[in-house]
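Below you'll find the structure, written out as structure tokens, and then a few comments.
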Amino acid sequence: MKIAVLPGDGIGPEIIAQAVRVLEWLKRDGLPLRWQQAPAGGAGYDAAGDPLPPDTLRLAREADAILFGSVGGVQYDNLPRPKRPEQGLLRLRQELGLFANLRPALLYPELVGASTLKPEVVSGLDILILRELTGDIYFGQPRGIREQGGERQGFDTMLYSESEIRRIARVGFEAAMGRSRRLCSVDKANVLETSMLWREVVTEVAKEYPQVELSHMYVDNAAMQLVRNPKQFDVIVTGNIFGDILSDEASMLTGSIGMLPSASLDAAGKGLYEPIHGSAPDIAGKDLANPLATILSLAMMLRYTFRREEMARRIEDGVRRVLAQGYRTADIWEPGLKKVGTVQMGDAVVAALAG
Ligand code: NAD
């Protein structure tokens, strides 16, 4: 069980330090874990002039899984695009073929007040958004800005091949099989050719999974349904750009960005695991960051790459227990509860695991 640990920038090193304490605990408990750290993002640029230094990429390639913090910072905002921190992450996903992005949006009962939606709309929420990550309009060619009729024109190409749709659809059906066997495919087939093909191929793949109930929804409706009645969904599968927007919307249903993990997987189950939030420069270095999204990302790693469901659950139960005990970092704190910093939250999780 070889893990590349890439803390990144801002709060990245602080939250990763707490996840590493959980790794240490798992190792003491008998899991054959090995890990090594390397710089990425702005830290990679500082160390080697590259947001994804060759040594970091090599380490990531050799590992079974990658634990990623977050990247970005104002000091890097004016660098040429290939040198910017987020390019390191985008390249890593491309280089490793991490095409399936899994984002659970799960609302812990203790945090129901953190959502901006009414408790009855969100309580018990547990959905999984599956976003295709390496295709679509973000990568389609041609793209550019050109002169046309005496003015500039910007253009991009939305593009999916059958094989790309088929493999993400399969991940969706497999995920649905492990949950409540309902899959909603989101597209814009009433307007876009790409989506017409998407719908056709997903419908074909459905024949391999007769136990799963497949539905289709247009993306504009899905955006509306997610805030109207999010509990109607279980697993949602969608393309890169729609998934980008819907997964951010879904994450906000829970109201706590510091709580949400994610996984990006390749065809063989190798994965990059990271919290969904960014590097939060506003709170970096102040022991204020919530490390739970990163710790929960580690739980996803045990589930999806290492197939150790019982260990994944143990970590998730540990997090639940800590919340039930009233520990809260500032982002999820409410009067009457115990406000703790990043390190104390790590202490509480390790204690809950040991207890
Ligand atoms: P952000 O997610 O970093 O922060 C948004 C807000 O949420 C901030 O107020 C922040 O303090 C808070 N927040 C985020 N994570 C938190 C945590 N764990 N605990 C407590 N509060 C938390 O988004 P942003 O401010 O738009 O971006 C900041 C930087 O992060 C930018 O450079 C951006 O490019 C980068 N970014 C990186 C990633 C990534 O590494 N995958 C993702 C998104 C943004």
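Counting starts at 1 for both ligands and their atoms, following the listed order.
A salt bridge links D50 with R91; the closest basic N to acidic carboxylate O contact falls under 4.0 Å. Look at R170 and E208 and you find a salt bridge, because one of the NZ, NE, NH1 or NH2 atoms lies within 4.0 Å of a carboxylate O, short of that distance. Under 4.0 Å is where a charged nitrogen must lie from a carboxylate oxygen, and between D55 and R58 at least one such pair does. The residues K339 and E334 are annotated as not salt-bridged, no charged nitrogen and carboxylate oxygen being separated by less than 4.0 angstrom.
Smallest separation of non-hydrogen atoms from I129 and A250: CD1-CB, 3.7 Å.
Scanning the protein for heavy atoms near atom 25 (O) of ligand 1, the closest one is P281 CD, 4.6 Å. Protein heavy atom in closest approach to atom 3 (O) of ligand 1: A280 N, 2.8 Å. Protein heavy atom closest to atom 22 (C) of ligand 1, with residue, atom name and distance, is I283 CD1, 3.9 Å. Protein heavy atom in closest approach to atom 33 (C) of ligand 1: V71 O, 4.3 Å. With respect to atom 29 (C) of ligand 1, the closest heavy atom belonging to the protein is S279 OG, 3.2 Å. For atom 15 (N) of ligand 1, the closest non-hydrogen atom on the protein side is H277 CG, 3.1 Å. For atom 19 (N) of ligand 1, the nearest protein heavy atom (residue, atom name, distance) is N290 N, 2.9 Å. The protein atom (non-hydrogen) at minimum distance from atom 8 (C) of ligand 1 is D282 OD2, 3.5 Å.
Put simply, the side chain of K270 does not reach to within 4.5 Å of the side chain of T305, judged on heavy atoms. With contacts defined as side-chain heavy-atom distances shorter than 4.5 Å, the pair R182/V235 does not qualify.
Screening V205, D187, V201 for a side chain to side chain contact (heavy atoms under 4.5 Å, CB included) involving I165 leaves a single residue, V201.
Counting heavy atoms under 4.0 Å from ligand 1, residue I11 touches it through the side chain alone. With a heavy-atom cut-off of 4.0 Å, I257 touches ligand 1 through its side chain alone. With a heavy-atom cut-off of 4.0 Å, D331 touches ligand 1 through its side chain alone.
For the residue pair D9/S279, the side-chain donor-acceptor check at 3.5 Å is not satisfied. With no hydrogens or angles considered, no side-chain donor-acceptor pair links R181 and Q211 at under 3.5 Å. With 3.5 Å as the limit, one finds a donor-acceptor pair spanning the side chains of R21 and Q18. A side-chain N or O of D234 and one of S180 form a donor-acceptor pair less than 3.5 Å apart. With hydrogens and angles left out, the side-chain atoms of Y160 and N240 include no donor and acceptor closer than 3.5 Å.
The atoms of ligand 1 that sit less than 4.0 Å from any heavy atom of A289 are 19 (N). Close contacts of ligand 1 with G278, meaning ligand atoms under 4.0 Å from a residue heavy atom, involve 1 (P), 2 (O), 3 (O), 30 (O), 36 (N), 37 (C), 38 (C), 42 (C), 43 (C), 44 (C). In the vicinity of G73, heavy-atom distances shorter than 4.0 Å reach the ligand 1 atoms 32 (O). In the vicinity of E274, heavy-atom distances shorter than 4.0 Å reach the ligand 1 atoms 41 (N). Close approach of ligand 1 to G72 is summarised as follows: ligand atoms under 4.0 Å from at least one heavy atom of the residue are 32 (O). Ligand-side atoms of ligand 1 in range of L89: 41 (N), range being under 4.0 angstrom from any heavy atom.
Using a 4.0 Å threshold on non-hydrogen atoms, atom 11 (O) of ligand 1 counts as touching the protein. Less than 4.0 angstrom separates atom 6 (C) of ligand 1 from none of the non-hydrogen atoms of the protein. Under the 4.0 Å distance rule, the nearest protein heavy atom to atom 36 (N) of ligand 1 falls inside the cut-off. Under the 4.0 Å distance rule, the nearest protein heavy atom to atom 27 (O) of ligand 1 falls outside the cut-off.
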Practice item. Decide yes or no on salt bridge (charged side-chain N to carboxylate O under 4.0 Å, His left out) for E204 and R166, but give the supporting numbers first. Key: CA-CA 9 Å; E204 271 167 38; R166 195 166 288 120; 3.4 Å; yes
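Polar contact with ligand 1: absent for L288 (N/O pair, distance under 3.5 Å). The shortest N/O to N/O separation between S70 and ligand 1 does not fall below 3.5 Å.
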